[in-house]
Amino acid sequence: MFDYGAYLRKDKFPLIWCSGCGDGIALKAMLRAIDRIGLSKDEIVMVSGIGCSSRLPGYVDFNTLHTTHGRAIAFATGVKMAKPELTVIVVTGDGDATAIGGNHYIHAARRNIDLTVILFNNWIYGMTGGQVSPTTPFGKRASTAPYGSTENAFNISGLAEAAGASFVARETVFRPQVLDKFIEKAIRKKGFSVVEVFTPCPTTYGRRNKMRSVIEMMNWLKDHAVPKSRAEKMDPQELEEKIITGVLVDLDLPEYTEEYQKLIDRVKS
Amino acid sequence: MFDYGAYLRKDKFPLIWCSGCGDGIALKAMLRAIDRIGLSKDEIVMVSGIGCSSRLPGYVDFNTLHTTHGRAIAFATGVKMAKPELTVIVVTGDGDATAIGGNHYIHAARRNIDLTVILFNNWIYGMTGGQVSPTTPFGKRASTAPYGSTENAFNISGLAEAAGASFVARETVFRPQVLDKFIEKAIRKKGFSVVEVFTPCPTTYGRRNKMRSVIEMMNWLKDHAVPKSRAEKMDPQELEEKIITGVLVDLDLPEYTEEYQKLIDRVKS
Amino acid sequence: MSFRTEIRLSGEGGQGLVLAGKVLAEAAAIYDDKNATQSQSYGPEARGGASRSEVIISDDEIDYPKAVNLDLLLALTQESCSRYWKDLKDDGILLVDSDSVKDIPEGSFKVFKVPIIAIAEQEVGKALVANIVALGIITGLAKVVSEEAVEAAILARVPKGTEELNVKAFKAGLQAAKDLS
Amino acid sequence: MSFRTEIRLSGEGGQGLVLAGKVLAEAAAIYDDKNATQSQSYGPEARGGASRSEVIISDDEIDYPKAVNLDLLLALTQESCSRYWKDLKDDGILLVDSDSVKDIPEGSFKVFKVPIIAIAEQEVGKALVANIVALGIITGLAKVVSEEAVEAAILARVPKGTEELNVKAFKAGLQAAKDLS
Amino acid sequence: MTEKTAKKKRSRIVVKREWCKNCAICVEFCPKDVLVMKDGFPEVVHIENCTLCQLCELRCPDFAIEVYEDET
Amino acid sequence: MTEKTAKKKRSRIVVKREWCKNCAICVEFCPKDVLVMKDGFPEVVHIENCTLCQLCELRCPDFAIEVYEDET
Amino acid sequence: MVTKEKNRIRVMTGNEACAEGALAAGCRFFAGYPITPSSEIAEILSRELPKVGGKFIQMEDEIAAMGAVIGASLAGSKSLTATSGPGFSLKQENIGYASMAEVPCVIVNVMRGGPSTGLPTLPSQSDVMQARWGTHGDHPIIALAPSSVRESFDWTVRAFNLSETYRVPVVLLLDEIVGHTSEKVVLPDTSEIQIVERQKGDPKNKDYLPYKQTESDIPPMISFGEGIRFHVTGLCHDETGFPTNDSQKIDLLLRRLNRKIERYRDQITDNQRDQLDDADVAVFAYGSTSRSARWAVRRAREEGLRVGLFRPIVLWPFPEDEVFSIAQKVHHIIVPEMNLGQMAHEVEWASRGSTDVIRINRIDGDPVRPQVILEKIKEVA
Amino acid sequence: MVTKEKNRIRVMTGNEACAEGALAAGCRFFAGYPITPSSEIAEILSRELPKVGGKFIQMEDEIAAMGAVIGASLAGSKSLTATSGPGFSLKQENIGYASMAEVPCVIVNVMRGGPSTGLPTLPSQSDVMQARWGTHGDHPIIALAPSSVRESFDWTVRAFNLSETYRVPVVLLLDEIVGHTSEKVVLPDTSEIQIVERQKGDPKNKDYLPYKQTESDIPPMISFGEGIRFHVTGLCHDETGFPTNDSQKIDLLLRRLNRKIERYRDQITDNQRDQLDDADVAVFAYGSTSRSARWAVRRAREEGLRVGLFRPIVLWPFPEDEVFSIAQKVHHIIVPEMNLGQMAHEVEWASRGSTDVIRINRIDGDPVRPQVILEKIKEVA
Ligand SMILES: Cc1ncc(C[n+]2csc(CCOP(=O)(O)OP(=O)(O)O)c2C)c(N)n1
Ligand SMILES: Cc1ncc(C[n+]2csc(CCOP(=O)(O)OP(=O)(O)O)c2C)c(N)n1
Ligand code: SF4
Ligand code: SF4
Ligand code: SF4
Ligand code: SF4
């Protein structure tokens, strides 16, 4: 048994999340990844915005910073700039990171600053009760899309790639044993890294979209996840509604705080 | 001679822009495009943010809306939703659209709302005196990057593509006769369209970056623009510092206000 | 002072207490022509964990819409009972689900223990309608809203196709109340 | 009241008037140990179009740092002259570039017409240093700052390698001032 | 195990009822049907089938089920 | 013009000094060196070489130069 | 919401009433971003607007929502947004734009506990000063604070009317209690609802000036696409709408912007006076707190104490004359608020030292209890 | 900037002095977004910070800048941002966060004309109320208004000192005149500059509580990475820093936040009194307007009029006792401002009707002229 306890603030348990909410599965994967890397708890700063998923840092025994909605990456940028020796991990939701926080997301990717973003994509705003998100698929229902969404959804991994991220991976909580490997890689990567985690919100998304139980949602994730290698051989039609998983981007690029340190060294001498 | 006068507010002339600023060249291209499409002046709403380029709407005899910094696309979204029959054109700078306004830019692209964005990319914040922009190339100087920028630049056309735009084209003001064709196509496109126009700012960018005159800058544009078709045959190294021009994206996708109208029709009946 | 009744329905998220509160308020306000307010706890509480729905019924305008002095407290869980009983009036009514609430607080209020959830499950056939069973008991015990009003309000609120089930649950509750007196 | 001199340097963007104003203020403040302020118009004006730089020199603390009653106005363009001459004191000095300003306003102030830009071009060899030529003339005419101070301030301000050129321009201005009197 | 003489590993599964939220994920996705839901909580019914794959534990969102490997 | 009898087109170039900002773009990029800068403004010196390509006009940022085609 | 035969007796929340009020007022555009405790307003309008041909859009953030609302209003739609504290902070820059460019629109802020993320699900009244001073620059504002579900309906309609009449952004301050409490309400018949449309300019008038210094101080509007083309900017501008640096024109503009609220103060202001005539003690209360105050005042009267209630529904412009005249007559003004005394400060200001102002402040997410006010009344009466 | 042998006599602008003051105070992190008339502060720091191992970053917008500043401060760096009106509006949400989470940081607002884009290159003082009330929720704030270049230096240092001492965001309000006018200044010698560091908690103390209700009301800080791990949130929290819904704990927190400014008011407040002792008329002025006022007061004295000047440098907390005591003695208080009377309102409030408050308001981008104040003095003296 992996000893999660060593990383938890157990007095805050049980978790605030709903029964069947997948966020806890991803949390556990993250802890296994951190443990494997062997980071000390003191050198980790975990930063989040506002949302169900953004409540995560409250449960883990790191330096934790629960900021304002959408701004986790901006706060994290300040932390990382001030103390580049710290490992800064951002935990955020699809709304937090790509609706109100979309700009910080693409700019941090552009700068390629060494942050790891664990992005909990549940297709919806959980915390506020199920409003439409930039990742809600076209036609799906939400409390502010009662007739089905008329908007296209973001491919948020693709966005990070286009903006300049060095590492992007995607996985679902149905495969926690793969997820932790991706998170490990993301944290190890020097540069801006994103792991997009698909996670079910039975309460505000499932119910509205004919997936009555979390079991149905987990099965949906199981059936719709397609590893990248397989997806490359499929045609666009087959890929509709599918989630392409795997490491999507893995590049070695100059990292921002290192570049800035070079500047300091240059200017000081 | 093309009769620009029919579209101008001549009493506001001469233009506020510096000698050699390329913005006026793009303005003219835009007027030729509009004229060719045959739009009436009453049905055009031109929306801008804040910046040198965003002063453009003041010179043209359309319905013109000079908003707050970075928010032109958000205001334009409201105009277009309220009156989809109007042609809404956004004029904006690289700072306005992709620094402070980056989020609205990607979200409008995602929604594929029928706006045309003419994005004046001069690699710098002109209006405020030459601060670094998200498009300032790595290593180039700006008033807030006195030692050369330590940040990577956005590929802002690529960003629009990844976010979901239906039409993206790129050109420099050195080729006004091509530029107006791209703008024409962009306006005709039903959906979110972007024309990224590279334009020299001799005052705040050129001077700091060893291009002492606008002539040098125009020559630089001439020498560094590579049409897409040619670029496809070049290797990445050759393409460094190059501007790939041409129509980069041209897709037919469901447009947001039309989808919303369908929803209305469905719900009303 | 005019007649004012404060009722709190408590239990856990998913037990339908917000709906029950709304029905009670609507019964009073629309069908019985009284004044009524209803409010509930929001936030994480409202999904899982403790849940609370308050109804105030009055002949007069309701100035202060929060319950502070309860005439009736329904507790479907031990946690909610322990948390809220202190707000009960001296002569108030504490109604608990007898299978869930074992530790009954002491006080001058009247206590009614009813296997509400079991009734829903066994007599009506669906644990989910425990909230409506409870409504029936409350209607019978508190006598602030008429049976007809509550039934009408239930019919107006519940999803099409479930009317019969819900009326059955309501009647089962009414009966349980009668059995108590 | 104490001695206070208000000087406005006007012309168009690119003529280096902001720099000239700074030099004048620094000459007074750092090398002549007086008080001085300098300010300029910002915004679109500052790049192309009319441009304006103001210097106030005083023995005392300077409370109000804007010029309202000019002791001296330098106008390198017709536009700036027409726009600002009204702010001149009755006994003030109007210094214009004689090639650019043809339409000289009437008033009780003294007017000096000097081909400042031409001097820079012909005598010094670079039109760009017209601002420094003007500084020389102003130093000679207004006599609020010492020649040494202005020269020192110029040397401290101008880019390395252009010192000689600028000193030459300054001297040419001083000479022009002498020729006027 | 290819070798028959290999030490037998025994599983022990612990459910933490205070934290369990009764979602049934552990039960549904156990590849060997080791568990069933009983009174809202997972209950071990076929421990002998457990392969120690730990999937129930990995997928429990609430840190409420733990799989231990006891050596015999 | 392949046909020698084709009507000759004559160019006329107009500079609007009030709007011109003296950038010299029109002059520098005229493919036929029709223009030169004089006193800060473009001046037509070889109108006979003008091919009516209109590039000077197209590239003038300030609406300050206009190319007209006069038929002879 | 359940409705009887006569569709007008309903049990609904303040948020629901606000959404219905907006529809009744002719609102045809909503742009917003969800936030507790305001989200129901968006949710209802996402369902109802398309039914009447209106448009709903959930924007990427509150800044964008405010921008879209201004754009839609300029294109001719009555427009609304709804938010709570954090979102209200984000909207401030564009609220200033609406003020400067004189674009009618309504901003609902359902107040929750602050500062910062604070108490997302609990009530407060701590944004009342922000409603006045939240954006940079000197600017006029109208802010309204209904205290019941029925008032939420009525004052949403009125917010639109004021906004369209004076070409200003109007802030409607609900609080979590008003927003989230279901209450019996009898809605007015459509025929009873007075709806005001913006004064339109004549699209055929070629001399139309979008920011004309008219006698009324309120320039008539033309929407985009109606045939007169003009310029709108957040820079200081002259009557034509184009930017100016001319200090006289700037002064004219900015003073007119302020004057157009100041001079119509009497038409805008609204408040309820209860048993003040012979009172020795006045309670000044607004929003949901005024309900506690009303109870306390009535109880105190029953006990023979000479107490009255002054309840401003329009908080801004502040009813300074009314408060001053009350201050002349009473010995004490008690100001209960769910904040640290924001309006009490204004009451003190308006009283000019002529009476004793007593604060009751609750900031922990619980409403001010009626008994607490009653006790204070008894203490001083 | 040109410097003599003794590097301390300089001609520099208020913006330059502010940047130098920040460096002197130990500021090692700046995040900003350019905006006229504040951009020079960023420009200088982009050049100077790396020289001392500090960090400069231009963020994508003002919201991000404010967020980064808070993050860097929590990681242990003294942090600064600088902006003007529109950016100040955007920063408000995160300023509230800094207030709630008690994160020291300094926000410079070089005021320009508003509302909205307004007058980007011209001065105003119209954000002084926004500095107090710009973010949602009830919150304490310290705001300072230097009036000269030397003061810009000194008060930037002091802004950091106050911010670190009380764990609060401090707003430094320059105006375009102070920010952009070059002026002779003699900078203090490094040895004369008093620098305050935040009170640090002991990283070995395992009972450390990041939000402890200490006797001083100011909990000692530990930075991220120093060995004690804790939680920071913008939600209402208890002493441990974790969110709470317990109304008692909420009350304790929010009242302490306000009290820690209120009780140290005497240590924070600062103002200059000039010839007030025998005055019949007082002029209340701050920022660059106080320079005009000083001229007018001196002139009036020369003419034998009994006039004095009260110049608050700390605007918030407002010097209410000082103003009240002046109001007892003088017949008139003249308040010249580059806005429509924002501080005059507070002066009226603090005077409680005991004197006549006369407003002089200039809002067209021109400063209040000294003569105008002198004339008003003559009129009433
Ligand atoms: C400025 C601001 N706007 C809105 C909100 C309300 N809000 C809180 S969480 C949230 C969305 C959460 O969605 P997501 O990020 O997808 O996370 P989830 O809850 O689904 O995990 C919103 C809109 C807020 N707190 N602050
Ligand atoms: C909220 C806000 N922040 C900052 C500014 C200042 N500002 C005005 S224009 C501008 C940048 C302009 O750059 P760009 O968009 O690239 O346009 P350009 O001037 O180069 O055409 C900035 C930062 C502002 N007006 N408002
Ligand atoms: S609302 Fe959804 S996302 Fe939030 S805790 Fe519940 S299941 Fe998880
Ligand atoms: S500053 Fe640059 S962008 Fe602005 S007008 Fe001048 S040349 Fe054009
Ligand atoms: S997965 Fe966890 S929370 Fe869900 S039923 Fe199993 S043990 Fe309980
Ligand atoms: S391109 Fe236009 S502005 Fe430039 S020199 Fe030629 S005519 Fe003048």
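Each chain gets a letter, A, B and so on, in the order the sequences are listed, and its residues count up from 1. When reading the values below, keep in mind they use all heavy atoms of this one structure, side chains included, and skip hydrogens, waters and symmetry mates. Quick caveat: nothing in here was measured; it's all calculated off a predicted structure.
- Looking at residues two or more places apart in sequence or on another chain, you find a ring pair (Phe, Tyr, Trp, His ring centres under 6.0 Å) between F310(G) and F284(G).
- Comparing A25(C), A36(C), S39(C), A28(C) by how many heavy-atom pairs each has under 4.5 Å with chain G, the most go to A36(C).
- Contact of V68(C) with chain G is made through the side chain alone, with heavy-atom distances under 4.5 Å.
- Proximity to chain C (any heavy atom under 4.5 Å) is shown, for V178(G), by neither the backbone nor the side chain.
- For chain C, no part of P120(G) is nearby; none of its heavy atoms comes within less than 4.5 Å.
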Passes side chain to side chain donor-acceptor pair (under 3.5 Å), Q38(C) versus S53(C)? Steps please. CA-CA 7 Å; Q38(C) 183 275 331; S53(C) 170; 3.1 Å; yes
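- Residues L76(C) and L17(C) form a side-chain contact, since some pair of their non-hydrogen atoms from C-beta on lies under 4.5 Å apart.
- Side-chain atoms of S146(C) and D32(C) include a donor-acceptor pair closer than 3.5 Å.
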